[in-house]
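Have a look at the structure below, then the notes.
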Amino acid sequence: MKSARAVSARSRSVAIGMRTAGAVALAMVLSSCTLFGGGDSGAKNSSTPNPEIASAAPAELRSYYTQQVDWTPCETDFQCAKVKVPLDYSQPDGDSIEIAALKLSTKGTSQGSLLINPGGPGGSGYDFVRDAGATHFSEKVRANFDIVGFDPRGVKRSAPVTCLTDQERDASRAKIYALDTDAGLAETLADNKVIAAKCEEKAGPVLGHIDTVSSAKDLDILRASLNDTKLNYMGFSYGTFLGSTYASLFPDNVGRMVLDGAMDPSLSNEELTSGQAKAFEKALRTYVERCLQGGGCPLSGSVDNGIQQIRDAIAAVEANPVRAKDGRVVSASTLVTGMIVPLYNDDNWPLLTQALDAIMKNDATPFLRLADFNAEREPDGSYSSNSTFAFTAINCLDYPMVTDTAGMRADEQQLRLASPTFGKYFAYGGTNCKDWPYKNVRTPAPVEYKGSADIVVIGTTGDPATPVEWASSLRKQLGQASLLTWEGEGHTAYGRSNDCIGNAVDGYLVDGKTPADNTVC
């Protein structure tokens, strides 16, 4: 029994969520449509923190908090800037790196900035705001805030982690390993060790300093560079982890914070992966039920029958990998990667129906296109982002991983129980970090927030990437927080759910009205 490189601990899940969390419909992305914002870029302007911000800055970091930041017109209707931050916060007098940010200016009277992280880890907030900032956020929010996206350290434009050439990435994605054999596992570890060494060689020292705590500290410098005394922030998916980390580090600086598609900071990497595997299995069952109720569904019989037909299709490709129309080999792991992409947004479920219909006819091309979208591979074979490498690098620092053979094999068995369809393809995430050049710098623990500002946490009952239970757990850990729950399908809620969620979030962000705790929409 063979499998391609494991889908692995959230590497093909939360990372996808940041690109499909209602920002741009997947069908539009696949057809190369791009949306641009309509803010007023204006002329070049400089931003120097006001005296109140400067006086509150830590003495050893004052030069960063008081730096002059130049915002210049860019990307048609936006302004861009680069903000300097320390490479290593334990050595603030050492080297620095730059964080790339993009601003969509309000057309109204600004209450300040609303900083955005779309997820990942590894997602580009710069791209998110550029491509969807004018449509994802309501007119009420747009009229009151400058929407600011940024690439966290290690991501795309901000000291990016680079490892492989585009050709090497294609070859790596195409490799097939017998992970259930000792020889296959050894081959995977050997290949990942080579990749890790290339990451270290090409990325340099930044590779050891792109953990979430460091990114949260960058976020406070970004806040100061925008002349905001408080941080107004909206984080989706992994962005909720970044946000809750910030709240624990800078409780007095929290302004209005929305954490949508919440992650539970207390969970281990393996617990997070198991929760996702179970949630994806649940989402698949809901999809199959709807598919069977509609027309043109390639599945038949009961929901259990339909699930089994999908499992049979995966097993057939696992036994005999097929070639897509462009000649590339599609393995079972690639098939599963493509299968979970449209589960992030029920608006995209028709794409899954089309892809299933094709694979039943031995055509894997639609699933390969979906997997390419996840990997950010363009039709010409180039890759538009480093999100896959950033994801691995950040997680290897943020989480201790189970990397011994016995532990990974036991984890696989647990994942098979949690998700009979997808579970084993989420296993062996530890192979990515076993020979990583830097060890984890964080141990999972409940977040502590001692600030007075209310935080809004959002969960979605049918969320496959961040199960709704995580939102409830995060709300309890934060204490000074309010929980919103959307009874819907897909990953995250704001911008893709209903007026109940939208009005509650807008009223909180703009008017400061915290929604009643445990509101269900």
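A heavy-atom distance below 4.5 Å is found between the side chains of Phe145 and Leu509. The shortest distance between side-chain heavy atoms of Phe150 and Leu102 does not fall below 4.5 Å. For the pair Leu370 and Pro342, the minimum side-chain heavy-atom distance is below 4.5 Å. You'll find the side chain of Ser268 stays beyond 4.5 Å of the side chain of Pro400, heavy atoms only. Under the 4.5 Å side-chain criterion, counting only non-hydrogen atoms from C-beta, Cys80 is in contact with Tyr126. Contact of the Met401 side chain with the Asn395 side chain is registered, since non-hydrogen atoms from C-beta on lie closer than 4.5 Å. For the pair Ser96 and Tyr64, the minimum side-chain heavy-atom distance is below 4.5 Å. For the pair Leu474/Met263, no side-chain contact is recorded, criterion being any heavy-atom separation below 4.5 Å from C-beta on.
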With a 3.5 Å cut-off and sequence neighbours excluded, list the donor-acceptor pairs that the side chains of residues 156-164 form with protein atoms.
| from | atom 1 | to | atom 2 | distance (Å) |
| --- | --- | --- | --- | --- |
| Lys156 | NZ | Asp127 | OD2 | 2.5 |
| Lys156 | NZ | Ser384 | O | 3.2 |
| Arg157 | NH1 | Ser124 | OG | 3.3 |
| Arg157 | NH1 | Asp127 | OD1 | 3.2 |
| Arg157 | NH1 | Asp151 | OD2 | 2.9 |
| Arg157 | NH2 | Asp127 | OD1 | 2.5 |
| Ser158 | OG | Ala100 | N | 2.9 |
| Ser158 | OG | Asp151 | O | 2.6 |

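Sorted by first and then second residue, the pairs that involve residues 195-205 and meet salt bridge (Lys or Arg N to Asp or Glu O under 4.0 Å), not counting sequence neighbours, are Glu168-Lys198.
Although no hydrogens or angles enter the test, the distance criterion places no donor-acceptor pair under 3.5 Å between the side chain of Ser419 and the main chain of Leu415. With His136 contributing its side chain and Tyr494 its backbone, the two residues share a donor-acceptor pair below 3.5 Å. Checking side-chain atoms of Ser172 against main-chain N and O of Arg169 turns up no donor-acceptor pair under 3.5 Å. Between the Ser237 side chain and the Gly239 main chain, no donor and acceptor come within less than 3.5 Å of each other. Glu270 places no side-chain N or O within 3.5 Å of a backbone atom of Asp411 that could act as its donor or acceptor partner.
Side-chain polar atoms of Asp228 and Ser113 form a donor-acceptor pair below 3.5 angstrom. Side-chain atoms of Thr337 and Thr334 form no donor-acceptor pair, as typed in the model, at a separation below 3.5 Å.
Closest of all the heavy-atom pairs between Thr492 and Asp260 is CA-OD1, 3.5 Å. Nearest heavy-atom pair across Leu207 and Ala393 is CD1-CB, 3.9 Å. Looking at every heavy atom in both residues, Gly490 comes nearest to Thr460 through O-CG2, 3.5 Å. Residues Lys82 and Val69 approach most closely at O-CG1, 4.3 Å, considering heavy atoms. The two residues Gln276 and Pro467 have their closest heavy-atom pair at N-CG, 4.4 Å. In terms of heavy atoms, Thr466 sits closest to Ala262 at CB-O, 3.5 Å.
By the 6.0 Å and 45° rule, Arg256 does not stack over the aromatic ring of Tyr233.
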Practice task
Could you walk me through whether Tyr449 and Val254 pass the side-chain contact (heavy atoms from CB on, under 4.5 Å) test, one step at a time?
Solution key: CA-CA 10 Å; Tyr449 172 55; Val254 173; 3.8 Å; yes
Problem - Derivation and outcome, side chain to side chain donor-acceptor pair (under 3.5 Å), residues Thr212 and Ser215 - result: CA-CA 5 Å; Thr212 296; Ser215 290; 5.8 Å; no
Exercise for the section: Report the C-alpha separation of Thr392 and Asn432 in whole Å, then their side-chain angles, then the decisive distance to 0.1 Å, and conclude whether the side chain to side chain donor-acceptor pair (under 3.5 Å) test is met. Expected result: CA-CA 7 Å; Thr392 297; Asn432 294 313; 4.8 Å; no
Practice task
Show the numbers, then the answer: is there a side chain to side chain donor-acceptor pair (under 3.5 Å) between Glu376 and Ser387?
Solution key: CA-CA 8 Å; Glu376 297 183 276; Ser387 61; 2.6 Å; yes
Exercise for the section: I would like to know whether Asp404 and Val402 meet side-chain contact (heavy atoms from CB on, under 4.5 Å); could you show each step before the answer? Expected result: CA-CA 6 Å; Asp404 64 288; Val402 173; 3.7 Å; yes
Problem - Worked check of side-chain contact (heavy atoms from CB on, under 4.5 Å) between Tyr177 and Ser333 - result: CA-CA 10 Å; Tyr177 301 95; Ser333 182; over 6 Å; no
Practice task
Show your working on side-chain contact (heavy atoms from CB on, under 4.5 Å) between Thr245 and Val447 and close with a plain yes or no.
Solution key: CA-CA 7 Å; Thr245 301; Val447 69; over 6 Å; no
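Note on ring orientation: taking the six-membered ring where Trp is involved, the planes of Phe128 and Phe137 are perpendicular (angle over 60°, cut-offs 30° and 60°). Relative orientation of the Phe241 and Tyr238 rings is perpendicular, given thresholds of 30° and 60° on the angle between their planes.
Note that the CG atom of Leu249 and the CG atom of Asp252 stand 12.0 Å from one another [nearest 0.5 Å]. To the nearest 0.5 Å, atoms CH2 (Trp470) and CG (Leu259) are separated by 14.5 Å. From Tyr438, atom OH reaches atom SG of Cys199 across 11.5 Å, with rounding to the nearest 0.5 Å. Taken from NE2 in His209 to CG in Asp95, the straight-line distance is 9.5 Å, to the nearest 0.5 Å. Atom CG of Leu115 sits about 10.0 Å away from atom CG of Asp146, to the nearest 0.5 Å. Taking CG of Asn440 as the start and CG of Leu397 as the end, the distance is 8.0 Å to the nearest 0.5 Å.
Electrostatic pairing of Arg173 and Asp372 counts as a salt bridge here, judged by a charged N lying under 4.0 Å from a carboxylate O. Electrostatic pairing of Asp218 and Arg153 counts as a salt bridge here, judged by a charged N lying under 4.0 Å from a carboxylate O. Ionic pairing of Asp220 and Arg223 is present here: one or more N-O contacts between side-chain nitrogen and carboxylate oxygen are shorter than 4.0 angstrom. Taking a cutoff of 4.0 Å between a charged side-chain nitrogen and a carboxylate oxygen, Asp182 and Arg409 qualify as a salt bridge.
In the displayed structure, Gln413 atom CD is contacted under 6.0 Å by more than 12 heavy atoms of other residues, nucleotides or ligands.
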